[in-house]
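This structure is a prediction, so every number in the text was calculated from the model and none was measured.
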Amino acid sequence: MEFLFNCKLIKLMGGVVNLNSLVCKIVFLFIVVLILRALLLPHNLVFMSKNVSPFGFVVQQQKFLEVPQIVWGLNNQKIAFARACLTAKMLNRTLLMPSLSASLFYKEIDLLKPISFDKVFKFDKFNELCSGFVQLGRYSDLMNTTKALELQKGSGRKWTVERDLDQLREYRNGSFDDFEVIKIVGKNPFLWHDHWPVKDYAKVFECLVLVDEISQEADRVVSMIREVGRSHDDKGLVQNYVPYVAVHMRVEIDWMIHCKKLEQRLNTNQICSSKKEIIERVGNIKDLNTSPKKTVVYLAVADKLLQNSSILEGWKEGFLPYEKKKLGVDKIYAKYPYLIQSAIDYEVCLKADVFVGNSFSTFSSLIVLERTQKMIKLGVNDMCGSSDVKLASFAYNIQGELNGPMRWVTNMSDSSLHAISYGTDHISC
């Protein structure tokens with residue numbers, strides 16, 4: 001430390017800086033960087049430990065959490081990502097940017113095609129919007145000062161919510177703080193126990209902004225849907241804004257097999273809905289179809305898994321159903337892997353004036369969560385009783401008034417995301 005005093009960086013009473021020596025300049029810049037780092041990084045968010053630099057100063061080291069590749073469907077991956085973020089937050093660590101899955105395989109894990117998080121969502125925008133809450137880091141941020149500590153997640157009936165929470169609390173303190181990286185091993189994060197309220201998940205979801213390429217493709221699809229509405233305007237008037245209804249029409253083969261088994265296990269008949277029932281209930285939404293106005297209906301459906309193309313048939317007069325092929329956007333979707341296709345459809349449904357989905361679908365549930373959040377920010381007081389259907393969401397698998405679908409909003413004060421993750425017939429309204 002003697003050379004620091006010889007530098008005469010600061011005269012005791014005058015405060016005049018003398019940087020004639022090259023070594024002094026380097027030391028001075030090093031100190032400035034440390035001060036800026038300490039001021040800019042949110043201490044309540046990122047755990048920092050002390051290490052000694054070659055110059056003898058105390059340096060702060062960032063701590064990280066690493067998770068396995070995130071798998072399953074897009075919205076299950078979003079839940080898993082949020083759960084990983086909230087786990088990192090609880091451990092006072094930064095989450096290392098995880099790998100998502102571009103393809104969809106439930107059992108053949110070795111066939112999953114990884115895709116980097118920042119190829120789907122904006123990395124810097126996420127950190128900007130979630131600043132002070134949760135944070136993402138890159139592997140290039142690692143200093144590799146210690147070998148990663150593996151945290152084995154428990155499984156099976158004996159691994160309870162309480163045990164999982166106790167494990168996380170244990171890894172927050174003590175000798176575990178000495179490790180730069182804690183690495184989660186075991187089953188994928190979507191199956192972890194849930195310890196966080198819905199509002200915390202909603203905050204993470206708000207920070208997920210699609211990269212420009214994907215959001216622009218979604219905007220193209222929305223523009224084509226609205227253009228269809230303009231072309232069917234009976235009054236011949238040019239409208240700047242044409243509303244549309246988006247229906248997450250779950251009638252694919254894989255879904256029908258799954259929902260039938262689920263109905264048997266839960267002893268209910270409020271999960272599966274036939275094509276005929278969906279069409280009838282959407283057509284009965286109060287004040288939605290007022291002649292001579294035409295209503296454009298976009299059907300979000302996995303076309304390749306359909307047994308037939310009859311979903312366009314049987315709609316009431318005034319309803320104009322369109323799916324990807326009829327709309328002429330199937331080539332847009334065909335350019336991308338499953339994950340990106342699903343992300344585009346999600347945005348199209350999210351931006352719809354009216355959304356109708358299935359309350360046991362994670363895809364539908366997260367859309368309703370985001371739409372509920374949007375209505376709250378717009379100051380909508382009575383989201384269930386309002387006669388205005390704009391921004392409204394409905395569950396077609398549950399019967400509402402006039403044999404229409406049930407009005408649907410998310411309970412933002414719920415203590416966990418369990419209902420959204422696994423489906424429910426309790427949909428607030």
So, taking the atom named CG in Asn267 and the one named CD in Glu263, what distance separates them when rounded to the nearest 0.5 Å?
10.0 Å
Which pairs with one or both residues in residues 134-147 pass salt bridge (Lys or Arg N to Asp or Glu O under 4.0 Å), sequence neighbours excluded?
Asp118-Arg138
Side-chain donor/acceptor of Thr146 to backbone N/O of Glu180, under 3.5 Å:
yes
Out of Leu165, Val161, Leu168, which one pairs with His193 under the side-chain contact (heavy atoms from CB on, under 4.5 Å) rule?
Val161
For the residue pair Tyr322 and Tyr298, is the inter-centroid distance of their aromatic rings smaller than 6.0 Å?
no
Pairwise side-chain contact, Asn92 with Lys63, heavy-atom cut-off 4.5 Å (strictly under)
no
Lys326 backbone acceptor or donor facing Glu323 side chain under 3.5 Å
yes
For Phe117, ring-ring contact (aromatic ring centres under 6.0 Å, His included) partners two or more places apart
Phe81, Phe121
Taking atom NZ of Lys335 as the centre, does the number of heavy atoms from other residues, nucleotides or ligands within less than 6.0 Å exceed 12?
yes
Using atom types as modelled and distance alone, determine if a side-chain donor or acceptor of Lys89 lies under 3.5 Å from a backbone N or O of Phe133.
yes
Could you verify whether a donor N or O on one side chain and an acceptor N or O on the other, from Ser393 and Arg371, lie under 3.5 Å apart?
yes
Counting C-beta onward and ignoring hydrogens, is there a side-chain heavy-atom pair between Arg163 and Lys158 closer than 4.5 Å?
yes
Side-chain donor-acceptor contact under 3.5 Å, Glu347 with Ser215
no
Is any side-chain N of the basic residue among Asp166 and Arg169 closer than 4.0 Å to the acidic one's carboxylate O?
yes
Distance-minimising heavy-atom pair for Ala202 and Gln373:
CB-NE2, 3.8 Å
List the residues meeting side chain to side chain donor-acceptor pair (under 3.5 Å) with Ser359, not counting sequence neighbours, and say none if there are none.
Asn397
Disulfide (SG to SG under 2.5 Å) assessment of Cys85 paired with Cys130
CA-CA 10 Å; Cys85 285; Cys130 266; over 6 Å; no
Interatomic distance, CZ@Arg250 vs SG@Cys259, rounded to 0.5 Å, equals 9.0 Å
Kindly give the heavy-atom pair with the smallest separation between Val181 and Leu142, and that separation in Å.
CG2-CD2, 3.5 Å
Is the backbone N or O of Ile271 less than 3.5 Å from a side-chain atom of Asn358, with the two atoms forming a donor-acceptor pair by type?
yes
Can a donor-acceptor pair be found between the side chains of Tyr346 and Gln341 at a distance below 3.5 Å?
no
Start with the C-alpha gap between Leu299 and Leu312, add the side-chain angles, then the distance that decides, and say whether side chain to side chain contact (heavy atoms under 4.5 Å, CB included) holds.
CA-CA 9 Å; Leu299 305 176; Leu312 299 176; 4.0 Å; yes
Side chains of Tyr333 and Glu217: is there a donor and an acceptor less than 3.5 Å apart?
no
Any donor-acceptor pair under 3.5 Å linking the side-chain atoms of Asp164 with those of Trp192?
no
Is there side-chain contact between Met406 and Gln399, with heavy atoms separated by less than 4.5 Å?
no
Between Pro337 and Ile340, is any pair of side-chain heavy atoms under 4.5 Å apart?
yes
Might you work through the side chain to side chain contact (heavy atoms under 4.5 Å, CB included) test for Ile285 and Phe394, ending with a clear yes or no?
CA-CA 9 Å; Ile285 295 177; Phe394 298 84; 3.8 Å; yes
Using the test side chain to side chain donor-acceptor pair (under 3.5 Å), find all partners of Ser365 that sit at least two apart in sequence or belong to another chain.
none
Measure the CD1-NZ distance between Ile225 and Lys351 for me, rounded to the nearest 0.5 Å.
10.5 Å
Under 3.5 Å, is there a donor-acceptor pair between the Thr94 and Gln62 side chains?
yes
Row check, Tyr338 ring normal vs Lys113 NZ/CZ: under 6.0 Å, within 45°:
no
Considering only heavy atoms from C-beta outward, does the side chain of Trp72 approach that of Thr362 to under 4.5 Å?
no
Would you indicate whether the side-chain heavy atoms of Ile184 and Lys153 approach each other to under 4.5 Å?
yes
Please name all residues satisfying side chain to side chain donor-acceptor pair (under 3.5 Å) with Glu280, sequence neighbours left out, ordered by chain then number.
Asn403
Between Ser310 (side chain only) and Glu313 (backbone N and O only), is there a donor and an acceptor less than 3.5 Å apart?
no
Shortest non-hydrogen separation from Phe64 to Gly137 and the atoms involved:
CE2-CA, 4.4 Å
Heavy-atom side-chain proximity of Met97 to Phe123 below 4.5 angstrom:
yes
Leu74 vs Asp345 side-chain heavy atoms within contact, under 4.5 Å
no
Filter on disulfide (SG to SG under 2.5 Å), then keep only pairs touching residues 136-172, sequence neighbours left out; what's left?
none
What distance separates Lys78 NZ from Tyr201 OH, expressed to the nearest 0.5 Å?
14.0 Å
Mark yes or no for whether Ser416, through its side chain, and His418, through its backbone, hold a donor-acceptor pair below 3.5 Å.
yes
One should read off an interatomic distance between Tyr244 OH and Met224 CE, to the nearest 0.5 angstrom, of 13.0 Å
Distance check, rounded to the nearest 0.5 Å: Lys276 atom NZ versus Arg281 atom CZ?
12.5 Å
